[in-house]
Amino acid sequence: MPEGHTVHGNARDMAGRFGGQQIVVGSPQGRFEDGAALLDGRLLEGTEAHGKHLFAHFGDDRQLHVHLGLYGTWTWGDGVPDPPRGLVRVRLEAEGGWADLRGPTACEVLDPTGVAALHARLGADPLRADADPAAAHARIARSRVSIGALLMQQEVVAGVGAVYRAEALFRAGINPYRAGREVTAQEWAALWADLVVLLRAGLKAGRIVTTRPVDRDRRTGRASRADSFYVYRRTGEPCRVCGTPVSYAQMVGRHLQWCPTCQPR
DNA sequence: GCTAAATGTTGAT
DNA sequence: TCAACCTTTAGCT
């Protein structure tokens with residue numbers, strides 16, 4: 001699931017596999033031929049993620065920027081890759097193996113100006129050491145927009161998507177319709193701290209799990225995929241904490257679930 | 001094994 | 001406001 005934790009994992013994996021090597025860059029699909037030519041044969045100096053955006057540094061003057069969107073995926077492997085199957089936008093090859101990118105929303109080569117502009121419009125990323133949660137709170141504290149909508153704005157908090165939004169608000173006991181300016185500094189501090197915990201756990205596990213271990217096994221005696229969340233995709237099912245049926249609405253064009261008892265208006 | 005829906009953003013209309 | 005992206009996964013049969 002490509003929320004921020006996925007992209008940070010991509011950056012980590014890409015650096016581990018290709019960092020410091022000369023990369024053969026191609027676009028078997030053909031849609032990125034011009035960009036690939038700008039990177040082909042250059043040294044991959046490092047990678048980073050900011051929210052859901054991946055940056056691969058191919059020298060001082062150019063970076064590969066990728067946003068997976070809803071469908072995009074990276075596939076990795078050792079040795080020599082098979083002939084491309086399906087629509088491979090980008091293929092990277094080096095001694096460290098190969099990587100294929102399919103279905104991204106954004107895939108482009110940026111110069112330092114473009115990179116700076118992109119970072120400038122992205123907000124606090126719970127997985128970055130340089131994140132500025134105070135700046136995020138400054139925006140939230142003067143906004144009449146709901147906290148559920150604000151968490152989805154990448155210029156406020158970078159890396160949170162529909163899953164982390166629903167789950168973090170549940171764990172904080174905050175109703176998603178509450179206006180940003182009605183979230184106290186203390187509540188924001190706790191919410192931010194929890195996002196750091198949740199995204200770090202997601203990065204480590206490779207998938208999103210927000211339920212505490214004690215909450216997982218209580219009923220069935222075993223952990224399952226459905227037990228990974230408190231409310232996300234559990235509309236109408238009993239809240240794991242209080243039993244109230246989980247509510248559903250669309251907010252900012254995305255699914256949102258919450259418990260009307262644990263997260264009162 | 002098949003179908004429908006999904007984690008998200010961009011660019012066209 | 002809507003289509004594109006065109007993969008993965010959950011949920012059926």
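In what follows, every chain begins at residue 1, and chains take the letters A, B, ... in the order their sequences are listed.
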- By side-chain contact (heavy atoms from CB on, under 4.5 Å), which residues pair with A:Ala56, not counting sequence neighbours? A:Met14, A:Leu44, A:Thr47, A:Phe58, A:Leu64
- Measure from the side-chain heavy atoms of A:Arg121 and tell me the nearest of C:dT7, B:dG8, B:dT10. B:dT10
- Using the P atom in both, what is the distance from B:dC2 to C:dC6, to the nearest Å? 22 Å
- Any side-chain heavy-atom pair of A:Val241 and A:Phe170 under 4.5 Å: yes
- Note on the structure: From NE2 of A:His50 across to P of B:dG8 the rounded distance in Å is 16 Å
- d(CH2, A:Trp74; P, C:dC5) in whole Å: 19 Å
- Can you check the A:Arg233 CZ to B:dA4 P distance for me, whole Å? 16 Å
- Note on the structure: Side-chain contact check for A:His255: nearest option of B:dG8, C:dC6, B:dA6 is B:dA6
- Item | Protein-nucleotide distance (A:Arg165, atom CZ; B:dA6, atom C1'), rounded to Å | 14 Å
- Task: Check the distance between B:dA6's P and A:Tyr164's OH and give it to me in whole angstrom.
- Result: 19 Å
- Query: Around A:Asp61, counting heavy atoms of other residues, nucleotides and ligands shown, do more than 12 lie under 6.0 Å from its CG?
  - Reply: yes
- Message: Rounded to whole Å, please give me the gap between CG in A:Leu118 and C1' in B:dT9.
- Response: 12 Å
- Message: Using a heavy-atom cut-off of 4.0 Å across all strands, would you classify A:Arg89 as base, sugar-phosphate, or nothing?
- Response: sugar-phosphate
- Query: Do the non-hydrogen side-chain atoms of A:Ile140 and A:Val145 ever get within less than 4.5 Å of each other?
  - Reply: no
- Item | Nearest-Å distance for atom pair CD/C1', residues A:Glu3 and B:dA6 | 11 Å
- Query: Who else is in the cluster with A:Met251 when I, L, V, M, F, W and Y are joined by side-chain contacts under 4.5 Å?
  - Reply: A:Tyr177, A:Val252, A:Leu256, A:Trp258
- Sorted by number, the residues of residues 62-72 of chain A with heavy-atom contact under 4.0 Å to DNA chain B: A:His67, A:Gly69, A:Leu70, A:Tyr71
- B:dT10 and C:dT8, which share atom name P, separated by this distance in whole Å: 22 Å
- Message: At a heavy-atom distance below 4.0 Å, what parts of residues 100-112 of chain A sit against DNA chain C?
- Response: A:Arg102, A:Gly103, A:Thr105
- Each residue besides A:Val80 in its hydrophobic cluster should be listed here, by chain and number; the cluster joins Ile, Leu, Val, Met, Phe, Trp and Tyr at side-chain heavy-atom distances under 4.5 Å. none
- Item | Enclosure of A:Asp60 CG (heavy-atom neighbours >12, cutoff 6.0 Å) | no
- Query: Excluding sequence neighbours, so at least two apart, what forms side chain to side chain donor-acceptor pair (under 3.5 Å) with A:Glu45?
  - Reply: none
- Message: So, does A:Arg85 get its side chain near the phosphate of C:dT7, meaning an N or O under 4.0 Å from OP1 or OP2?
- Response: no
- Do NZ/NE/NH1/NH2 and the carboxylate oxygens of A:Asp100 and A:Arg85 come within less than 4.0 Å? no
- Report yes if at least one side-chain N or O of A:Gln154 is closer than 4.0 Å to OP1 or OP2 of B:dT9; otherwise report no. yes
- A:Thr244 vs A:Cys262 side-chain heavy atoms within contact, under 4.5 Å: no
- Message: Distance check needed: C:dC6 P versus A:Gln29 CD, whole Å only.
- Response: 5 Å
